[in-house]
Structure formats: C-alpha cells, structure tokens
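To start, the structure itself, in structure tokens.
Owing to the predicted nature of the structure, the values given are computational and were not obtained by experimental measurement.
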Amino acid sequence: MAVSVTRDVPKGIAVAAVLALAFLPAARLPAFYESFLYLIFFWVSLSTSWALLSGFAGYFSLGHAAFFGVGVYTTAALTTKFEVPFLATVPMGAAMAALLAAGIGAVVFRLRRLRGELFALLTLAVTFVIATIVLNTPIDGGAGVFMSAVPLPELMSTQTATIYILGFAMCVLTVVTAWWVAHARLGMGLFAIHDDEDVAEAKGVPTFRYKIAAFALSAAIAGAVGSIHAMYVGFVTVAGTFELTVPLYVVLMSVLGGSRHWAGPAVGATVITALLYAFISGGEAILGRAIVGLILIVAILWLPDGIIPSAIAWLKKRRPAPVAVAPAAEIVPVAPARPVALSERTLVEIKGVTKRFGGLQALNGVDLTVREGEILGLVGPNGSGKTTLINVISGFYPLTSGTISVDGAEVGRAPAHQIARRGVARTYQIPRPFTNMTVLENVSLCATFGGPPRSRAEIRDEALHWIGFTGLSGKEDVLPAGLNLHERKFLELARALAARPKLLLLDEVLSGLNPHEVDNAIQLVRAIRAQGATIVFVEHLMRAVVELSDRVAVLNEGKLFALGAPREVMRDPRVVSIYLGKSYAA
C-alpha cells in the first residue's frame, strides 16, 4: 500500500511525539523541563475544551475560568477539609463543572436572544458570581487554601513527574475527545449550529440538546484540568484562579490555531505558551509578550481562520490534481414525470391556525388540507401569510392557536427538529446553506439528521444521489460562496430531498431564475413528486403555479381567500383584484 505524504507522515510524527512525551520522565530531565511541558499541556487542554462549545458551536464564552475554578476548588476543598484522595477528586471536579454548565445552558439556551455578545457577557458574569461565592464562604474565606500537605499518588518517581504525567494524560484525552466530536454526529450538528442555528434545527439537528452536551463536555474538561492544576500550584487563591487572563489566553490560543479545527487550539496553545514561558525574567518576559502580540496581529490580518485551516487551504492549492479522484455525484436525468394518480388520503391537516406577532396577526384561522402526493400551490400578495404558514408547519414559529397534523401526528407546537424527523423538509426563499460546509457536507448533514438511521457510506451515497439529481454534480467539494444563485437554490432542494421527506415545503424556489432555469426547475419539481413526495410551494411566478399545481390556495391578510383548480382560481375576479386591483378585475 502506498504511503501518503500528506496523510500518513503527519500521523506517524504525531504518534512518535506522543510516545516520546509519555516516556519523557524516564529520561530524568531537570524538573524545569517537566514543569514547562506541563504548562503547555495545561493550556492545550483548556483551549481545546473552550473550542468544543465556542469554536465548534459558535457560542463565544468568556466564562471558562468559572468552570476551571470550580474544578480547582472542588479538589482543594475535598482534599484539605474531607481528606478525599486527590485522584478521586478529579472526576468530581469535572462533574461539578459539567453540572454548572448544564444548569446554565438549560436556562440560557432556551432564549434565542442570548447569543453572541450577550452569551459572552453572561458567562463572564457567572465567573464573578462563582468567585464571590467562593471568596465569602468557608470554601476559601479570603485566605486561600494550602495544598502542600495533600499527598500525591506515587505514579512516577518524583512529584514533578507525577504532575507532568497527569497533565499529559489530560491533554491527550482532551485532544482525542475533540477529534472524536469533530468526526461524530455531534460535531456535524455543532458546526451546523455555528453557521445557522435556526436552519440546523429545521434540518433535524436537536440544537438544544447538542448545545447542552457541548457546554457540559467543555466545562467538564475545564473542571478536570482545574483539579490537576490545584495540585500543581499548591496554594489556591480566588484572585489567581478566577483571573480574567485565563479566558483571554484560552480564546487567543484557540483562535490563533483555528477554533473550528480539532487540532487548532492545541497548535495555538503550544505556540503562545512556548513564547510566554521561554522568556521568564525581567525584560525577556516583556519581549515574550510583545512577540505574542505581534504574532496575533499577523494572524488576525493574514490568517483569519487560524493556523491549521489556513495551512490546510494552502496545501490544497499547491497539491497537484490527483489522477484518481473520489467518486462524484452521478448525474440523474430528470425525465418528464408520468401522470401521478392523486391519493384521497389526507397527509396534512391544518385547522384554525392563527399566528400573532405582538399586535400583528399574520395568520387568522386558516383551515387547509393537503392530500398525499399532491402539489399544492400557495399564492397571495406580499404580506398575506404564505411564508408564515410555511414557518409554522416546519416549526420555525410556534402556533398561537389551532392545530397542524402531518400523517396523523400533531406537530403544531413540536420543536422544528422533531417535525423534520417526522418527514417534513423545507427550502428557504433566500438560500441559507451552511457557509463553512461544502456542498457534499451540506447535503450529508440533512441526510444524517432528517432521514432514517443510515451508515456513513449510505449517507454519502444518498447525498451524492440528490446532488446529481439537482444537477450539482462536480460541485461536491465547493463551498456555497462558490455557487451562483441558481446552484444555491438547487442546493436548497438537494438538502431537503436528502431527508426523503413525506412533505416538501418550497418557498419561492423559482424566484431569481431566468426562463431557461425556470423550465428546468419545473421539470425537476415534477420529477420530485413522481418519486413520492407531497409538495406545498409558495410562488409568485404564475406560469409555474398553473403548470405545476394540482390545486391552488390563495391567502390574503392571513386568511384562506380561495381554493381550487389552478386555472379556475387564477381567473377568479376576486383573486385578480387582490393582485392587480379591482379596476383591472372589472
């Protein structure tokens, strides 16, 4: 088997480095080197744990010192006041930090407005609250906690070597965890949340549960690191534990290396820690900080995505085109659909649906049914409630009153990801792909979360099928920014179809297309229906509405205004009047 320079050599170097570091205490180097390396492990673990939530999911936190501090003081209190063995306190420190994060997340993640800078400020406030509680209770009391008398387990020949090996084990465990998350279903969901949380929820990602999991995992690692570090410092104080430099360094290290890549924080932490602690006295320390500041300025200006992502992108550009490439999506010919016999079975039943936004009533008692296998056109003037109806069916907005059932199950007040699991998929009027995912990754995510359970190979095959079906073959590795409007519209379709939905909601999928593209899109929609999907589509292009629809529903001022066969409804003088005015209808 041929050895790949870009794939196998870095793996070999990494394994050799891990083995060398694991057996380093056997070399009996001066304690300084073990302490220096421990500090690198310490910052690698902290910065990587921060990235699990803030880098992967995009919830920027300034409160990492709170969870680190909980671990520090859990170990300090249990070992000194209750004589609990040190190693037993490490999982306890992790558990206490995870419980704190889960409790905060259970409240905060239910509030949509607490994102971005508000979330960052809230986590920073939590740090101050925890520090105040610790300072004004017997946990610390203001005098600090001496831990020099706490016995260390005799894992190695010296105490310094024991702390070193604990820090090393924690570092390896943290980086392996980050790798696993990045390559697992959880990581795929977190990356989608980072790019567009609302769309991720609509595509079947259980965003609330995933954010709680990421927050708790991030905090648990920080708590375990704090427990180990308490033994390293020997004297624990509130000022030294909850200081603002902890989250600031963690953020800088993670961002420098690339917070969306599992190895990025480790690289950033190693670079910054090595520079900070290589210069440890007087003017040299100031020089070290100045060099770190200069590196950060250069990275922000020329490596905005971080060292690792930028290096990967550079290598891809320099890599010659391979002779054998990964299989591209097979182009599926979209033949004119055969006539489809409509079922009399009701798939969607909407009763008395009302949606209010404060004093604005967007929907007012809408009653509508959609038969299985039907194409229902949803039309009306701007502001009539068409997109709002799509939004309440897909779970983007909760109902004010009324009921919506899909295939006999009530979904009107269910979370959007549960509705997606029940076979409802949608597109957006303005395409909203996940910007940092390729075309293949976008479609694969929807096949993963929206469809039935499948293996990775089956998910990939499914994604490639729908990429080819929508005419995007050859674009599998392209980011959405590299697609034109027509291609982004069809990417929306491919994502929706990858979930194999019972009900497909299309929101102005033809808008912005030229006449030839519209013809292709009409043919594509017919082919989608021929494969068994029921379609409700919002559209202003009347030619497409008349050609595609089995029935047309007209909304006006949030109410169902007319319903019937396309040509009859569109010739109704009342319908013409709401589009063009009464004088034209007359």
Side-chain angles (χ1 to χ4, degrees), residues 340 342-344 346-357 360-394 396-397 399-406 412 424 426-430 503-513 518 521-522 525-526 528-529 533-586:
V340 176
L342 294 183
S343 170
E344 293 301 319
T346 296
L347 180 68
V348 182
E349 188 169 16
I350 299 168
K351 289 185 177 180
V353 164
T354 299
K355 179 60 186 175
R356 296 188 186 92
F357 300 96
L360 174 65
Q361 187 147 322
L363 295 173
N364 185 8
V366 175
D367 292 312
L368 188 62
T369 59
V370 184
R371 291 172 292 177
E372 188 174 32
E374 181 179 26
I375 297 181
L376 177 71
L378 197 58
V379 301
N382 290 331
S384 60
K386 305 183 300 297
T387 296
T388 302
L389 185 58
I390 294 290
N391 283 334
V392 295
I393 294 173
S394 62
F396 184 75
Y397 295 140
L399 289 178
T400 302
S401 63
T403 61
I404 299 174
S405 62
V406 176
V424 179
R426 66 165 299 177
T427 67
Y428 291 87
Q429 179 180 350
I430 299 174
L503 175 66
L504 178 60
L505 306 173
L506 304 179
D507 193 358
E508 298 195 30
V509 73
L510 306 181
S511 63
L513 304 183
V518 169
I522 289 174
V525 172
R526 285 176 175 157
I528 292 168
R529 194 263 290 273
T534 300
I535 300 171
V536 176
F537 75 105
V538 174
E539 191 52 65
H540 284 294
L541 186 63
M542 289 302 113
R543 175 169 72 89
V545 172
V546 172
E547 287 187 32
L548 283 173
S549 303
D550 298 306
R551 290 188 301 157
V552 170
V554 182
L555 290 181
N556 187 40
E557 297 180 350
K559 298 180 180 179
L560 183 62
F561 188 76
L563 177 66
R567 297 187 186 278
E568 294 176 6
V569 169
M570 300 316 296
R571 289 172 181 169
D572 187 331
R574 298 182 307 138
V575 174
V576 174
S577 71
I578 67 172
Y579 274 106
L580 302 175
K582 293 182 179 179
S583 60
Y584 184 91

- Quickly, which of L389, L363, I390, N391 forms a side chain to side chain contact (heavy atoms under 4.5 Å, CB included) with Y397? Name it, please. N391
- Note on the structure: Between L506 and V525, the two heavy atoms sitting closest are CD1-CG2, 4.2 Å
- Message: Measuring from atom OG1 of T387 to atom OH of Y428, what distance do you get when rounded to the nearest 0.5 angstrom?
- Response: 11.5 Å
- Task: Check side-chain contact (heavy atoms from CB on, under 4.5 Å) between A553 and all other residues, then give those that pass, not counting sequence neighbours.
- Result: L368, L376, L378, L560, L563
- side chain to side chain contact (heavy atoms under 4.5 Å, CB included) assessment of E349 paired with I404: CA-CA 6 Å; E349 188 169 16; I404 299 174; over 6 Å; no
- One should read off an interatomic distance between Q429 CD and H540 NE2, to the nearest 0.5 angstrom, of 7.0 Å
- Task: Could you walk me through whether V379 and M542 pass side chain to side chain contact (heavy atoms under 4.5 Å, CB included), step by step?
- Result: CA-CA 9 Å; V379 301; M542 289 302 113; 4.1 Å; yes
- For D550 and P566, which heavy atoms make the closest approach, and how far apart are they? O-CD, 3.6 Å
- Item | Atom CD of E557 with >12 non-hydrogen neighbours under 6.0 angstrom | no
- Message: Nearest 0.5 Å, please: how far is CG in L548 from CZ in R543?
- Response: 9.5 Å
- Passing option when L505 is tested against I393, V538, T534 for side chain to side chain contact (heavy atoms under 4.5 Å, CB included): I393
- Item | Heavy-atom side-chain proximity of V370 to L347 below 4.5 angstrom | no
- Item | D572 and R567 ion-paired at < 4.0 Å | no
- Query: Do T369 and I350 touch side chain to side chain, with heavy atoms closer than 4.5 Å?
  - Reply: no
- Could you state the interatomic distance from CD1 (I535) to CG (L503), rounded to the nearest 0.5 Å? 9.5 Å
- Nearest non-hydrogen partners of N556 and P381, listed with the distance: OD1-CG, 3.5 Å
- Would you say V348 and E372 make side-chain contact, with heavy atoms under 4.5 Å? no
- Item | Nearest heavy-atom neighbours spanning V569 and A562 | CG1-CB, 4.3 Å
- Any ion pair linking E508 and K386 (charged N to carboxylate O, less than 4.0 Å)? no
- Please say which of T427, V509, V545 ends up in a side chain to side chain contact (heavy atoms under 4.5 Å, CB included) with F537. V545
- Residue pair V576 / M570: nearest heavy atoms and the distance that separates them: CG2-O, 3.6 Å
- Query: Looking at residues at least two apart in the chain, or sitting in another chain, which of them share a side-chain hydrogen bond (donor to acceptor under 3.5 Å, both in side chains) with T400?
  - Reply: none
- Query: Does NZ or CZ of K355 lie under 6.0 Å from the centre of the six-membered ring of F357, at an angle within 45° of the ring axis?
  - Reply: yes
- Note on the structure: Contacts of T354 meeting side-chain hydrogen bond (donor to acceptor under 3.5 Å, both in side chains) (sequence neighbours excluded), chain-then-number -> S401
- Would you give the length of the straight line joining atom CD of E539 to atom OG of S511, rounded to the nearest 0.5 angstrom? 6.5 Å
